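What follows is a short report on a single structure.
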Protein chains: 2
Amino acid sequence: MAASIEDVAKRANVSISTVSRVLNRRNIVNSETRKRVEEAIDALGYRPNVFARGLMLRKSNILGLVLPDLHGEFYSEIIRGANQKTRELGYHMLVSSVTADDDGHDVLSAVGTQGLVDGIVVMVTEMSSRIRTSLSQADLPMVLLDGDVPGVKHDSVVIDQQRGAAEMVRHLLDSSPGNRVLFIGGHDTNLDTIDRLTAYRKVLAEHGLQPGRQDIVHLDYSYETAFDYASQHVLAWAEQPTTIFAANDEMAAGVVDAAIAATLSVPDELKVVGFDDTRIAQLTRPRLTTVRVPKSEMGAAAVELLCARLKEPGRPSTRITLQTELVVRESCGGR
Amino acid sequence: MAASIEDVAKRANVSISTVSRVLNRRNIVNSETRKRVEEAIDALGYRPNVFARGLMLRKSNILGLVLPDLHGEFYSEIIRGANQKTRELGYHMLVSSVTADDDGHDVLSAVGTQGLVDGIVVMVTEMSSRIRTSLSQADLPMVLLDGDVPGVKHDSVVIDQQRGAAEMVRHLLDSSPGNRVLFIGGHDTNLDTIDRLTAYRKVLAEHGLQPGRQDIVHLDYSYETAFDYASQHVLAWAEQPTTIFAANDEMAAGVVDAAIAATLSVPDELKVVGFDDTRIAQLTRPRLTTVRVPKSEMGAAAVELLCARLKEPGRPSTRITLQTELVVRESCGGR
DNA sequence: CTGAAAGCGCTTACAG
DNA sequence: CTGAAAGCGCTTACAG
């Protein structure tokens, strides 16, 4: 049985009030008394019970992190950045994933029962209204990662991906004039895909171009699906100068491998670029031209915002925008 | 202010005892009363306060997961498997990393104050006695992932990597007779490296071979270090038929890329194999021959063991051994 | 089947 | 500077 505050009090010959005071606001207790108490604490290996403390203080020092998925390099980096900052600021981190078919209620149960976490960082990548509804009912300090939920009070961390995507498309158009640029996205309800697609359309329009019916396709962000799809289309694509702009590196890698399997040369016969700048981008051959997304910084910034709000609940809502950056490598040629 | 059990009791015209009963042991309360209480709960959106409950029950339903690092595909898969199983069993998961230079105390503070978590899953990859000491002082249900801490009571999940490593070396020796096999490991204090190296030596001995002074090198498991190191040695290695057995896929990929940068052909002029079968193994060209380690299964199995112990504290210590498996791809030729 | 009451281990006014 | 006491929101014997 772990020692309680009462054991400490007895051993130090003081009341539990005094023990509590040396634990929390050390300055107001006489230094000799304090010393006695501290010795007792050490001797007993006393550590305050989180539950009793939480019951009074109404805070747990636990932050919840809710991601769409815990899989792959992208989320792994976010978790890493968030976790590091969390520890740095003296909190703990509860991690959860919300799968696509969870109904909204689970977003909350994902972060635990009432009171378990002091606040949450949530990444919402789909526009599903269920999640939004359940989020708006959560009466919790909340930071939204890369996405907005209108009508709910929260801080947010977003990435300026339209800019990175636009920069990418401009680079493709400028470095390989006359090339047709196709877009392969995730689901058409995915917020990131929507943003990247918007930028793609915009830049094409700037250049007096308009994507054809077949020029935009929505897959599921996975290597496998992209590989399968590309395997069937890669020869047709290569009939004219073409660049595939995939909305993430995974799919870009799938396309590259499908092209190579069809004995096409990348970038000579088909150019391919990705997005995110995950580990994969540097491991494929040729290396992927992509847009760097500051993944661990996103996690860290979100945690920082959340902690700032916990400290100062009345502060105005803040939105931090992180920049993306075009990274030119080999897969698009024309450097 | 969230509704409390008292609010529910008032609204349903019962005592808090009854509310508590329908929450916990529903059967013993009259069905009409229960209905009234349930309606009140719904109407108020009542959710029990975790702290009050934890204070009485002395459990939080939170499991701690402590990993050496949160980086990369390997740990990401473990987190994923553990998280899924955790939710499946109705628990929450607190994640933390322990960096190499943490002193042992941090292993515990990593999982929180007294009482925060009901038990922990810890992965110990280094032999550092500090971590072991601090672990042995933790009076918590504990599952060790891939590693033992003698003298501490715990359950454990291990992988039979000696077998996978032995199978690998045997395959290399059999499929490319006369090849010299070099071993590139992580730090020489890393438990996985030690296991894999042991198997390597054993199989060599079985074949009447003995590794030379230069045949074993310890790096740090990273792509970059392996790439740099290999860049300086790859030409010398290739002077005679040689296979590099790297203790993880990251380093194997680094060696492959260094070889290719030196215009050597893999596997024709140099063979390279890895370990873990992470995503990388399939993305490098040529694809890596490696040993599959059941990563997400490790996480899931550890959580399962931990929960079993929480349910039945007196059960005997259990050790689950997960098998590894040789996966032959292209980087070692001689299929 | 239900209620009144004790108690879990803390924090924090309130007196002194 | 210190102690006695109330109270945080629950669970669970103990009576009835």
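Nothing here was measured: the structure is a model prediction, and the numbers come from that model.
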Let me know the distance between [atom1] of [X] and [atom2] of [N], rounded to the nearest Å.
{"X": "A:Arg36", "N": "D:dG3", "atom1": "CZ", "atom2": "C1'", "result": "13 Å"}
{"X": "B:Asn24", "N": "D:dA13", "atom1": "CG", "atom2": "C1'", "result": "14 Å"}
{"X": "B:Lys10", "N": "C:dT2", "atom1": "NZ", "atom2": "C1'", "result": "18 Å"}
{"X": "A:Lys59", "N": "C:dT12", "atom1": "NZ", "atom2": "P", "result": "11 Å"}
{"X": "B:Arg47", "N": "D:dG9", "atom1": "CZ", "atom2": "C1'", "result": "16 Å"}
{"X": "A:Leu116", "N": "D:dG9", "atom1": "CG", "atom2": "P", "result": "16 Å"}
{"X": "A:Glu6", "N": "D:dG3", "atom1": "CD", "atom2": "P", "result": "13 Å"}
{"X": "A:Phe51", "N": "D:dC10", "atom1": "CZ", "atom2": "C1'", "result": "12 Å"}

- For B:Met56 and for B:Val14, locate the closest nucleotide of DNA chain C by heavy-atom distance; then report the residue assigned to the nucleotide nearer the 5' terminus.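 Nearest nucleotide further toward 5': that of B:Val14.
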- Return the 5'-most residue of the pair B:Ser15, A:Leu57 with respect to DNA chain C, ranking by each residue's nearest nucleotide.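 Comparing both residues, the 5'-ward one is B:Ser15.
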- Do you know the tightest heavy-atom contact between A:Leu94 and A:Val117?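 In terms of heavy atoms, the two residues are closest at CD2-CG1, 3.7 Å.
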- Query: What are the two closest heavy atoms between B:Lys153 and B:Met142, and how far apart are they?
  - Reply: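 Shortest heavy-atom contact: O-CE, 4.1 Å.
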Quick check on [N]: is either OP1 or OP2 less than 4.0 Å from any side-chain nitrogen or oxygen of [X]?
{"X": "A:Ser20", "N": "C:dT11", "value": "yes"}
{"X": "B:Asn30", "N": "C:dT2", "value": "yes"}
{"X": "B:Thr33", "N": "C:dT2", "value": "yes"}
{"X": "A:Asn49", "N": "C:dC10", "value": "no"}
{"X": "A:Arg53", "N": "C:dG9", "value": "no"}

- Item | Nearest-neighbour nucleotide for the B:Leu55 side chain, D:dC10, C:dT11, C:dC8 considered |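 Ranking D:dC10, C:dT11, C:dC8 by closest atom to the B:Leu55 side chain puts C:dC8 first.
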Determine the contact category for [X]: base if any of its heavy atoms lies under 4.0 Å from a base atom, sugar-phosphate if only primed atoms, P, OP1 or OP2 are that close, otherwise nothing.
{"X": "B:Thr18", "result": "sugar-phosphate"}
{"X": "B:Ile16", "result": "base"}
{"X": "A:Ser17", "result": "base"}

- Query: Salt bridge between A:Lys85 and A:Glu88, side-chain N to carboxylate O under 4.0 Å?
  - Reply: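 Counted as a salt bridge, because a side-chain N and a carboxylate O are separated by less than 4.0 Å.
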- Task: Could you tell me whether B:Glu77 and B:Arg80 make a salt bridge, using a distance below 4.0 angstrom between a side-chain N and a carboxylate O?
- Result: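 Yes.
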- Item | Side-chain donor/acceptor of A:Asn83 to backbone N/O of A:Met93, under 3.5 Å |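 Checked: no pair found.
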- Item | Whether A:Asp155 side chain and A:Val143 backbone form a donor-acceptor pair below 3.5 Å |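 No, the answer is negative, given that no donor and acceptor are paired below the 3.5 Å cut-off.
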- Is any N or O donor-acceptor pair between the side chain of B:Arg21 and the base of C:dG3 shorter than 3.5 Å?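 In this structure, the two groups form a donor-acceptor pair.
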- Using Watson-Crick or G-U wobble geometry with both distances below 3.5 Å, tell me the partner of C:dG16, or none.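 Because both required distances fall under 3.5 Å, C:dG16 counts as paired with D:dC1.
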